[in-house]
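Presented below is the structure to which this report refers.
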Amino acid sequence: PGIEESILYALNHIRTAYSLLILTRDRLFAIRDPYGVRPLSVARYKTGYLVLSENFPFGEIAESEHLFDVKPGEMVVFPLDGNDYRRVQYATAEEHFCVFEGIYFSHPRSSYNGYVHEDFRQELGKALWQDNPDLEGDVVVPLLDSGKEAAIGFMEAADISYREYFHRMQHPVVTNGRSFTSPTTEQREVVARIKQLLRRDKIAGKRVIVVDDSIVRSHTARIAIKRLREAGAKSVTFVVSAPPITQICPLGMDYQSKGELVAHDRTLEEVCQLIGADRLIYQSLPTLHRVVAETYRCGVCTGCFGGKYPVDPT
């Protein structure tokens with residue numbers, strides 16, 4: 001009978017995952033799926049509203065005030081005639097927030113359930129040291145920018161010097177600047193090498209602990225380790241703040257087959273040998289769940305780590 005009813009009908013036939021804005025002649029609908037896989041946030045702005053997938057800009061935009069994050073299974077209706085919004089819980093929430101939003105996707109200064117992603121990443125770094133207190137090194141070096149916060153947390157817990165000996169070029173001109181989303185192996189390797197400028201004179205004779213957020217296809221890790229060895233590193237330990245990515249993601253991650261994933265169907269020792277490290281340390285899945293429980297305090301999707309998807313991906 002109407003657009004709102006039609007939208008609700010359609011939503012009940014879509015499994016997941018979505019955060020939507022639907023604009024009609026007289027209303028704006030902001031909608032989050034019942035599993036809450038992706039974030040969506042609302043702020044008051046002057047005489048109107050802002051709806052974004054991240055909430056950190058609200059603190060930077062003058063005259064804006066963060067009101068709330070849209071809940072899983074919630075639809076917010078904003079009339080364009082100036083009347084106030086309505087919040088409609090259209091489905092029962094079964095929260096499976098994508099934990100990779102906290103590990104990597106979202107801006108460090110955004111938050112979820114009131115907890116800032118920057119702090120979550122540092123807690124992951126601390127947990128890595130707590131689980132591996134025997135690890136020794138002379139310097140902790142992050143792969144920027146995504147490994148920075150975990151490296152800071154690791155450094156603080158381990159009391160090992162922190163140095164940004166890799167300097168990230170933000171906009172390499174040769175391609176799109178992100179090895180994770182570059183379309184070909186050749187382009188991923190080019191970006192991985194060019195985007196990280198190494199301070200070679202500081203590496204010789206050092207036991208280097210490299211920290212990154214994840215290993216997907218391994219191009220960045222392999223090239224970083226190779227460059228450290230070329231610069232004379234005594235040893236290289238590669239520390240990862242996420243568990244091994246072993247499964248494809250049907251909910252928005254940018255890889256299509258398990259064969260692309262370096263950790264799929266390989267042992268820890270095999271991955272370590274492949275990337276050229278002396279030692280490889282991943283975050284454990286139980287530790288990841290513990291840190292989530294202490295920070296975001298929500299249900300998460302960990303399917304790509306061999307954990308639980310909100311729906312069967314097959």
Side-chain angles (χ1 to χ4, degrees), residues 2-45 48-61 64-80 83-118 120 249-254 288-289 292-293 295-305 307-313:
I3 186 65
E4 186 167 334
E5 293 80 6
S6 298
I7 290 173
L8 291 173
Y9 176 85
L11 295 178
N12 286 322
H13 288 75
I14 302 172
R15 297 173 76 188
T16 190
Y18 52 86
S19 286
L20 301 173
L21 292 181
I22 301 175
L23 180 64
T24 69
R25 290 183 178 181
D26 59 354
R27 279 166 288 181
L28 176 71
F29 298 85
I31 306 161
R32 195 163 170 225
D33 75 72
Y35 299 107
V37 176
R38 304 292 168 207
L40 200 61
S41 298
V42 176
R44 189 181 304 279
Y45 177 61
Y49 299 94
L50 296 173
V51 184
L52 298 178
S53 61
E54 301 235 22
N55 54 35
F56 85 91
F58 299 148
E60 307 302 321
I61 300 172
S64 71
E65 175 192 3
H66 181 208
L67 296 179
F68 58 88
D69 297 332
V70 180
K71 296 179 180 179
E74 183 178 42
M75 177 172 68
V76 186
V77 185
F78 299 90
L80 301 187
N83 290 328
D84 207 0
Y85 59 84
R86 290 186 293 113
R87 300 179 68 174
V88 179
Q89 190 68 37
Y90 72 88
T92 301
E94 186 182 336
E95 191 169 31
H96 284 75
F97 178 61
C98 174
V99 72
F100 223 82
E101 292 280 353
I103 293 170
Y104 172 71
F105 280 148
S106 291
H107 191 280
R109 297 293 169 85
S110 283
S111 64
Y112 190 71
N113 281 358
Y115 203 87
V116 179
H117 298 313
E118 181 177 66
F120 172 71
C249 175
L251 308 177
M253 296 286 279
D254 188 48
L288 177 62
H289 279 294
V292 168
T295 55
Y296 298 136
R297 301 180 185 276
C298 69
V300 292
C301 175
T302 57
C304 62
F305 304 129
K308 184 181 179 182
Y309 291 106
V311 295
D312 184 352

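Computed over heavy atoms, backbone and side chain alike; hydrogens, waters and symmetry mates excluded.
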Which class fits the ring pair F78 and Y85: parallel under 30°, tilted 30 to 60°, perpendicular over 60°? tilted
Measure the acute angle between the ring planes of F100 and Y104, then classify it against the limits of 30° and 60° as parallel, tilted or perpendicular.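 Taking Y104 first and then F100, their aromatic rings stand perpendicular (interplane angle over 60°).
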Contact between [X] and [Y] at the side-chain level, heavy atoms closer than 4.5 Å - yes or no?
{"X": "M75", "Y": "L8", "result": "yes"}
{"X": "I31", "Y": "I22", "result": "yes"}
{"X": "F120", "Y": "I103", "result": "yes"}
{"X": "L52", "Y": "P57", "result": "yes"}
{"X": "Y90", "Y": "I7", "result": "no"}
{"X": "F29", "Y": "I3", "result": "yes"}
{"X": "F68", "Y": "V76", "result": "yes"}
{"X": "D26", "Y": "T24", "result": "yes"}

According to the salt bridge (charged side-chain N to carboxylate O under 4.0 Å, His left out) rule, which pairs have a member within residues 97-111, sequence neighbours left out? R38-E101, R109-E118
What residue pairs, at least two apart or across chains, pass salt bridge (charged side-chain N to carboxylate O under 4.0 Å, His left out) with a residue in residues 83-99? E4-R86, E74-R87
Residue pair [X] / [Y]: nearest heavy atoms and the distance that separates them:
{"X": "R27", "Y": "P79", "value": "CG-CA, 4.1 Å"}
{"X": "P310", "Y": "H96", "value": "CB-CG, 3.6 Å"}
{"X": "P108", "Y": "V116", "value": "O-CG1, 3.2 Å"}
{"X": "A91", "Y": "P34", "value": "CB-CG, 3.7 Å"}
{"X": "Y309", "Y": "V311", "value": "CB-O, 3.0 Å"}

Nearest 0.5 Å, what's the [atom1]-[atom2] distance between [X] and [Y]?
{"X": "L50", "Y": "S41", "atom1": "CG", "atom2": "OG", "value": "11.0 Å"}
{"X": "I61", "Y": "F56", "atom1": "CD1", "atom2": "CZ", "value": "8.5 Å"}
{"X": "F58", "Y": "L67", "atom1": "CZ", "atom2": "CG", "value": "8.5 Å"}

Surrounding OH of Y45 (heavy atoms of other residues, nucleotides or ligands, distance under 6.0 Å), is the total greater than 12? no
Does the pair L28 and Y49 meet the rule for a side-chain contact (heavy atoms from CB on, under 4.5 Å), with working shown? CA-CA 10 Å; L28 176 71; Y49 299 94; over 6 Å; no
Donor-acceptor contact present, side-chain E65 to main-chain G59, <3.5 Å: no
Donor-acceptor check, side chain of S53 to backbone of P39, threshold 3.5 angstrom: yes or no?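 A pair under 3.5 Å: no.
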Name each donor-acceptor pair under 3.5 Å that joins a side chain in residues 296-305 to protein atoms two or more places apart or in another chain, with its distance.
| unit_1 | atom_1 | unit_2 | atom_2 | d |
| --- | --- | --- | --- | --- |
| Y296 | OH | H117 | ND1 | 2.6 |
| T302 | OG1 | K308 | N | 3.3 |

Please walk me through it: do N55 and D69 pass side-chain contact (heavy atoms from CB on, under 4.5 Å)? CA-CA 8 Å; N55 54 35; D69 297 332; 3.4 Å; yes
